[in-house]
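For ligands, and for the atoms within them, numbers begin at 1 and follow the listed sequence. We count residues from 1, following the sequence as given.
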Amino acid sequence: MEELGVKRRIVLVPVPAQGHVTPIMQLGKALYSKGFSITVVLTQYNRVSSSKDFSDFHFLTIPGSLTESDLKNLGPFKFLFKLNQICEASFKQCIGQLLQEQGNDIACVVYDEYMYFSQAAVKEFQLPSVLFSTTSATAFVCRSVLSRVNAESFLLDMKDPKVSDKEFPGLHPLRYKDLPTSAFGPLESILKVYSETVNIRTASAVIINSTSCLESSSLAWLQKQLQVPVYPIGPLHIAASAPSSLLEEDRSCLEWLNKQKIGSVIYISLGSLALMETKDMLEMAWGLRNSNQPFLWVIRPGSIPGSEWTESLPEEFSRLVSERGYIVKWAPQIEVLRHPAVGGFWSHCGWNSTLESIGEGVPMICRPFTGDQKVNARYLERVWRIGVQLEGELDKGTVERAVERLIMDEEGAEMRKRVINLKEKLQASVKSRGSSFSSIDNFVNSLKMMNFM
Ligand code: UDP
């Protein structure tokens, strides 16, 4: 940063989970390219790699005693709650020390919305802070709405199929059942965390990994409600790609893809947290096999409850996938989606996977597992019309039909046209004069204005 007297250091506070680490590190890269120095503050439960790709970043670890087994025992929501309690004091101390060492040179703290403990330190040292949302703008809107509902009566509504199938007032086309409730904990603790995450407290801006061509009305809603600038700067994986995979990628699948016909393969991945039941995996395997299409399936270790990897699956499963399937533990997802052999993406519809699929022009089979994935799946099917959502019990006939609709039918060809059109819009938005490109410039300019020493 050339200007004399402008503060240069940006402190990033990521959530230690793949879907959150990836976009915040990409944001770090984007800000680094604008001349800022980047410090990443990690908790001791550290899932962020300080690999060679980030050798220009500075990493700090604050004390905090939560472990992998705490995550297993508490579940993600209680874990986050506790992490926020534990880290508040140590983060204050860390920022105090950093300010001393850096001669007050902190331009702002950018914290993941789930790491809201950051606000106490920011307040104490009167630093500018920015809330970073790694989900879609629509999911943020939903969390704001949910944080205000009465948990008891909402639970009753959700149990009544006549209500849960209805559209939620003001959130067209989302139904009650599409709202981001979670399989990872009781509604009350989820709503408690949501009311913390949507409370922007003293944050002077909100950055969202999205773009106006995907979510203009949700972004406008947030802009109006939050009363601080909202900067949609995504998709970050196109604007500032930065490899940050926490698991080792098996690149042999690219060789396998090279041998498949163009547009024929269904790529299946459920992200870094979703779990699969053996019963559903068998229905999927049958349906995929009956569809006669080749498929590349990521089965993450630990994603089948009670099993290290696939050892608990019956023999029938291996027989079904052996003909046309290829299984890996973790794939180089963006390269896979970019491969010409891939014709469709069976996804849990995490926000990163959604953006990556649109970014490569690949239509989707949507099978959300929990939380904001349900919101994204509904948007994929009903708003952008580039996906087929599978709802209710999985059965092999429905799976086979969904693959046919996507790969063989005219309907799939129409979806492909629409997703390619969106892909072009996404690419334009991060190029010079595009909306996300301008948004990040506006954010950087606002920081400069705030930060003359
Ligand atoms: N991913 C990957 N290889 C895989 C599966 C997933 O690199 O085999 C990456 C994917 O590209 C995405 C992230 O993991 O960036 C998953 O994030 P998402 O928001 O889609 O889902 P989450 O893991 O948070 O549920």
Do any N/O atoms on [X] end up under 3.5 angstrom from N/O atoms on ligand 1?
X: E356; result: yes
X: G271; result: no
X: S353; result: yes

Subject >> Charged N-O contact under 4.0 Å between E414 and K417 >> reply: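 Salt bridge present between E414 and K417.
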Subject >> Heavy-atom pair of closest approach, residues S90 and I86 >> reply: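 Of all heavy-atom pairs spanning S90 and I86, the closest is OG-O, 3.8 Å.
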Kindly say whether [Y] contributes a backbone atom to a donor-acceptor pair with the side chain of [X] at under 3.5 angstrom?
X: Q333; Y: A331; result: no
X: R367; Y: L390; result: yes
X: S429; Y: L426; result: yes

Looking at ligand 1, would [X] count as a contact under a 4.0 Å heavy-atom criterion?
X: H237; value: no
X: S269; value: yes
X: W297; value: no

Subject >> Partner of P363 under side-chain contact (heavy atoms from CB on, under 4.5 Å), chosen from V388, L406, I407, I420 >> reply: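 Going through the options one by one, the only one that passes is L406.
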What part of [X], side chain from CB on, backbone N/CA/C/O, both or neither, has a heavy atom under 4.0 Å from ligand 1?
X: V298; value: side chain
X: W330; value: both
X: R300; value: neither

Subject >> K34 to F437 six-membered ring, cation-pi geometry met (6.0 Å, 45°) >> reply: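 Cation-pi check for K34 and F437: passes.
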